[in-house]
Protein chains: 2
Amino acid sequence: MSVDERRRVKRLPREVRERQILDAAVQVFSERGYHNASMDEISDVAGVSKPMIYAYLGSKEDLFAACVQRESANLLEAVAGGVDVDLAPDMQLWDGLRAFFDYVGEQRAGWRVLHRQAISQGGPYSDELVAMRRRAIGLVDTLLVRTATKQGLDEHATSATEALAAAVVGAAESLADWWLDHPEVPSRIVAARLMNLAWMGFGDLVEGNTWSPRG
Amino acid sequence: MSVDERRRVKRLPREVRERQILDAAVQVFSERGYHNASMDEISDVAGVSKPMIYAYLGSKEDLFAACVQRESANLLEAVAGGVDVDLAPDMQLWDGLRAFFDYVGEQRAGWRVLHRQAISQGGPYSDELVAMRRRAIGLVDTLLVRTATKQGLDEHATSATEALAAAVVGAAESLADWWLDHPEVPSRIVAARLMNLAWMGFGDLVEGNTWSPRG
DNA sequence: GCGTATATCTACTTGCAGGTAAGGCTACGG
DNA sequence: CCGTAGCCTTACCTGCAAGTAGATATACGC
């Protein structure tokens, strides 16, 4: 229907069609949510007929899984590619955050699918996500531990690094989510806010300046 | 089906039935997600027949909206009730966080519905959530601003309080979400982790110790 | 007791969306 | 040329779950 005037491009190689379908699927899933997205609409947006999707990508679940997989791979690649492991830990965290928020800013639909949709579906979709998050937490944790040990480690601080890493990763996800609804803030600023909170808060922990009720 | 032996209790007042139905709905929505939850299952769990739900709570959307509304009101009440506005700002934040995580710990199903389901549905459901989050951010922001001004405010810090408040609220939500999958950690500890990150990080900001690349 | 309002059920209709059958068209190797 | 492989479509089937019609049963006021 949407493809009435600009005449349907015909007989493209499978590879290209698959990309078009995935693009359309990500867009529609992100706008409507998994269940409210219909295969008919996806096929329409992609500019192909429905059986093509089933022929190339399988069932609706399969299609969604393919979206999650592609987007999460892209995200991971973007972040990993933006970080130089030879730099100091804080710079690595900074570069990672910047790459992350840049990616989210450019691929809002992709991020929505990953974060809001995949997580709210139970089951095997979110496994991919859980794995990705685990890797992210691991990366951050490594940075924190390296920093803590470099400064003469305090056992209280090191035992908390993993939870802290999880909090930072969670905060990043959540901030990205928040940012979806405040697009006027530049990526750089969002990253800086989190960096301040995370690195300064962590720095205090390393130095033993913890907060506690009554003290 | 689930109510075969313990004989169905008959002719209860509407008020009671509505509560039972909402309880069942929250449970089923949280387990299955909005779309995979069927009205038949909800009616079954509630111990009434399907038309009762339509008679009392309206359509499936209406029912879900009612769940979101009730749960978000409960959450807000729990948090507000746990905070004494005459205490110092840090203690207020601490008490609020504790109340929040306690609530989430006790009402996992309710939180799942609020956070994972309501947010992934677009549309009017999430409005309630957005409003609630806005109020939460406002509360935190108030605390931060009060602290910043008390210590002789720095313009850089005050301009950032709202974003910081958003980050803290987001981090709290996200940590709660993370906690759903790590129930072995006690509520108190989760709250303490976040408190450390937030308050210490913020304290540094107030004192002008901001992080910046190359500095 | 009797009628009215309210609580409640069984059994049905219906529409949408996931999935498929069956075949047509075009390119390209031989 | 011509046939085979693979791109692509129209038109259909079907099941599930949202929503409803219409009847029944019980409490409670008078």
Q. Please, which pairs that meet ring-ring contact (aromatic ring centres under 6.0 Å, His included) have at least one residue in residues 59-88 of chain B, sequence neighbours excluded?
A.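 Qualifying pairs, neighbours excluded: B/Phe29-B/Phe64, B/Tyr34-B/Phe64, B/Phe64-B/Tyr125.
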
Q: Would you check if A/Gln117 and A/Ser120 make a side-chain contact, meaning some heavy-atom pair closer than 4.5 Å?
A: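 Of all side-chain heavy-atom pairs linking A/Ser120 with A/Gln117, at least one is under 4.5 Å.
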
Q.
Quick one, B/Asn74 and B/Gln107 - any side-chain contact, counting heavy atoms below 4.5 Å?
A.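 The answer is no, as the side chains (C-beta and beyond) never meet within the 4.5 Å cut-off.
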
(Q) Please report the interatomic distance CD(B/Gln69) to CG(B/Leu22), rounded to the nearest 0.5 Å. (A) 10.5 Å

Q. Could you state the interatomic distance from CG (A/Asp40) to NZ (A/Lys50), rounded to the nearest 0.5 Å?
A.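 With rounding to 0.5 Å, CG (A/Asp40) is 4.0 Å from NZ (A/Lys50).
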
Q.
Using whole Å, what does the distance between atom P of nucleotide D/dC7 and atom CZ of A/Arg19 come to?
A. 17 Å

Q: Note down the inter-axis angle between the two ends of the helix from C/dG1-D/dC30 to C/dG30-D/dC1, five pairs each, to the nearest 10°.
A: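 The end axes of the helix from C/dG1-D/dC30 to C/dG30-D/dC1 are about 0° apart, to the nearest 10°.
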
Q) Is the Lys NZ or Arg CZ of A/Arg108 less than 6.0 Å from the centre of A/Trp179's six-membered ring, within 45° of the axis? A)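 Yes, cation above the ring, under 6.0 Å and within 45°.
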
Q. Going 5' to 3' along nucleotides 17-22 of chain D, which nucleotides have protein heavy atoms under 4.0 Å from the base (write B), which only from the sugar-phosphate (write S), and which from neither (write -)?
A. -BBBB-

Q: Would you indicate which nucleotide in D/dC7, D/dT10, C/dT8 comes nearest to any side-chain atom of A/Ser49?
A: D/dT10

Can you give me the N/O atom pairs linking the protein to nucleotides 26-30 of chain C at distances under 3.5 Å, or say none if there are none?
{"unit_1": "C/dT26", "atom_1": "O2", "unit_2": "A/Arg11", "atom_2": "NH2", "d": "3.0"}

Q | Residue-phosphate contact under 4.0 Å: B/Tyr56 side-chain N/O, C/dT6 OP1/OP2 | A |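 It does not, given that no N or O in the side chain of B/Tyr56 lies less than 4.0 Å from OP1 or OP2 of C/dT6.
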
Q) Quick one: do the A/Asp62 and A/Ser59 side chains pair a donor with an acceptor below 3.5 Å? A) yes

Q | side-chain hydrogen bond (donor to acceptor under 3.5 Å, both in side chains) partners for A/Gln27, two or more places apart | A | none

Q | Contacts of type ring-ring contact (aromatic ring centres under 6.0 Å, His included), residue A/Phe100, not counting sequence neighbours | A | A/Trp111

